[in-house]
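Quick notes on the structure that follows.
Throughout, protein chains are lettered first and strands after them, A, B, ... in sequence-line order, and every chain is numbered starting at 1.
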Number of protein chains: 2
Amino acid sequence: MAVQKDFSVDCVVFGYHEDELKVLLIEQRMPETSAGKEKRYALPGDLVQDNEDLDDSASRVLKELTSVELENAYLKQFYTFGNPKRVKGLRDQQWLRSFRQDPDARVITVAYYSLVKMEDYNPVAASFASETVWMNVDEVPALAFDHNTIFDKALATLREKIKYYPIGFHLLPKKFTLSQLQHLNEVISGEELDKRNFRRKVQKLPYIIPLEEKQKGVFHKPARLHVYDERFKE
Amino acid sequence: MAVQKDFSVDCVVFGYHEDELKVLLIEQRMPETSAGKEKRYALPGDLVQDNEDLDDSASRVLKELTSVELENAYLKQFYTFGNPKRVKGLRDQQWLRSFRQDPDARVITVAYYSLVKMEDYNPVAASFASETVWMNVDEVPALAFDHNTIFDKALATLREKIKYYPIGFHLLPKKFTLSQLQHLNEVISGEELDKRNFRRKVQKLPYIIPLEEKQKGVFHKPARLHVYDERFKE
DNA sequence: GCAAAAGTGTTTCCGATACACCCATGA
DNA sequence: TCATGGGTGTATCGGAAACACTTTTGC
């Protein structure tokens, strides 16, 4: 008899807060009988349901996490992981035996990455997790299954993509200042940018729209706000 | 009882010959009882075997097609297709019922694209296909399953990638002329390039090595040959 | 000698870089 | 009034683009 097979999706959800790039992790609830009781984190994900398309499955995972309708979330498939041993670790097996119908199934997972505006976002614990946290991307601990591999590839993909395409906006509030945008770019690319050159270049872009509105309640000269013209959404 | 599931890989194999970009298709052998008897083409692909990694599966498909050891073939995963209806067309079902154990299984397919040197390549009919052909990418007919969607995305991915990364070499003979390289770039990108500017730029690249050798037996001034330094392989 | 493609330099333009000071606000 | 980040202009450099003629070979 052939090995039982299953499909899942996993989502690498990026956010940005206080000049730091974050990723959303769930704390994996371990079974009572489990040996190690320390916390363990995983990427949010789930089995693909019968008759459910892959993109819909990823959207559902995201939606269940936030209990918010994220009508326009940026969510892209980026890679599929199918190593036959990817769910065969000891603790992975313990978890699967408690929470999955077919713990011995071979599971390949289609991975998505998502960029969200953290302030719109209110993640809640899903049924199979006890807690969600935003973790600094530099401080991601050892994760369940092959999720470190998935996360690393997601981050590399994001960095690669942002070199050529202006997708960073999805991480910022609707109205943002040019400094916020610059810091975001610096954090993701890891390079410092010259303020004047950056502003000149950005202001030339057709999809960055300056508003008349200014920041309020700040401790210094208030910055002009800008919006991203969503019609350019890739 | 849940729907039976299966994984497959499909390969979009690109080649280049006489200034035209080609794709390798297999003629799908239809069952005797089949209604329509006309030819139908499909991308090469197969089910992923138990305990076989995805990349290995794609390599195997490529190798079976050519019966040649392609030690260094350029072969990259690019997208996964999992629409629940993707194998539910009438002719698709006829084919599956004749050639697959679980014709009703839901199959998601991990798609790869490959760049090969056509002159090294000697594709043979695999057991499930009667013939293979190199088809001009502009003349690809209606294919089996969702293979037109897969092909379109592969071509888009190739065009996108080649904008920034020098992967075209994998399509050319080991020793090539700068004109061949220029034409290749023009065909893939769809844009004409200035000869002098192109040559200046290319000669500055560290991974294009000029040889002392020249073309022979041509009807005009023989061009200098160049090689791609494989150490730069992406 | 002619057809066919190879090969070669210079000028112009534009975007990328480097760099330092004044401004508006809340405390 | 001061601390904080916001906002601005110019000169230089280097790569990108435009452009036409001579060379080598086989026939």
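B:Asp194 places its CG atom 14 Å from the C1' atom of D:dC21, with the value rounded to the nearest Å. Taking atom CG of residue A:Leu181 and atom P of nucleotide D:dG5, one finds them 18 Å apart after rounding to whole Å. Here D:dG7 presents its P atom at 17 Å from CG of A:Leu193, a figure rounded to the nearest Å. Rounded to a whole Å, the NE2 atom of A:His183 is 12 Å from the C1' atom of D:dT4.
Relative orientation of the A:Tyr164 and B:Tyr164 rings is parallel, given thresholds of 30° and 60° on the angle between their planes.
More than 12 heavy-atom neighbours from other residues, nucleotides or ligands sit within 6.0 angstrom of NZ on B:Lys163.
In this structure the side chain of B:Glu186 reaches within 4.5 angstrom of the side chain of B:His183, judged on heavy atoms. Between A:Tyr16 and A:Met118 there is no side-chain heavy-atom pair separated by less than 4.5 Å. Two residues are said to be in side-chain contact when any heavy atoms from C-beta on lie closer than 4.5 Å; A:His220 and A:Gln215 meet this criterion.
When the salt bridge (Lys or Arg N to Asp or Glu O under 4.0 Å) test is applied to A:Arg40, the partners found at least two apart in sequence or on another chain are A:Asp92. Taking the salt bridge (Lys or Arg N to Asp or Glu O under 4.0 Å) definition, one finds that B:Glu20 meets it with B:Lys22, sequence neighbours left out. Taking the ring pair (Phe, Tyr, Trp, His ring centres under 6.0 Å) definition, one finds that A:Phe81 meets it with A:Tyr79, sequence neighbours left out. A search for salt bridge (Lys or Arg N to Asp or Glu O under 4.0 Å) contacts involving A:Lys175 returns A:Glu213, not counting sequence neighbours. Residues that satisfy the ring pair (Phe, Tyr, Trp, His ring centres under 6.0 Å) test with B:Tyr41, not counting sequence neighbours, are absent from this structure. With sequence neighbours excluded, no residue forms a side chain to side chain donor-acceptor pair (under 3.5 Å) with A:Ser114.
Put simply, A:Ser179 has no side-chain N or O that comes within less than 4.0 Å of OP1 or OP2 on D:dG5.
Of the residues in residues 195-206 of chain B, those lying under 4.0 Å from DNA chain C by heavy-atom distance are B:Lys195, B:Arg196, B:Arg199, B:Arg200.
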Which protein N or O atoms sit under 3.5 Å from an N or O of nucleotides 25-27 of chain D?
none

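With a cutoff of under 4.0 Å to any heavy atom of chain B, the contacted region of DNA chain C is bounded 5' to 3' by C:dA4 to C:dT10.
Residue pairs meeting the salt bridge (Lys or Arg N to Asp or Glu O under 4.0 Å) criterion with at least one member in residues 135-157 of chain A, sequence neighbours excluded, are A:Arg86-A:Asp146.
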Show the atom names and distances, to 0.1 Å, of all donor-acceptor pairs under 3.5 Å that link a side chain in residues 201-212 of chain B to residues at least two apart or in another chain.
from: B:Glu212; atom 1: OE2; to: B:Arg224; atom 2: NH2; distance (Å): 3.3

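Two end axes, each from the C1' atoms of five base pairs, can be drawn for the helix from C:dG1-D:dC27 to C:dA27-D:dT1; they diverge by 0°, to 10 degrees.
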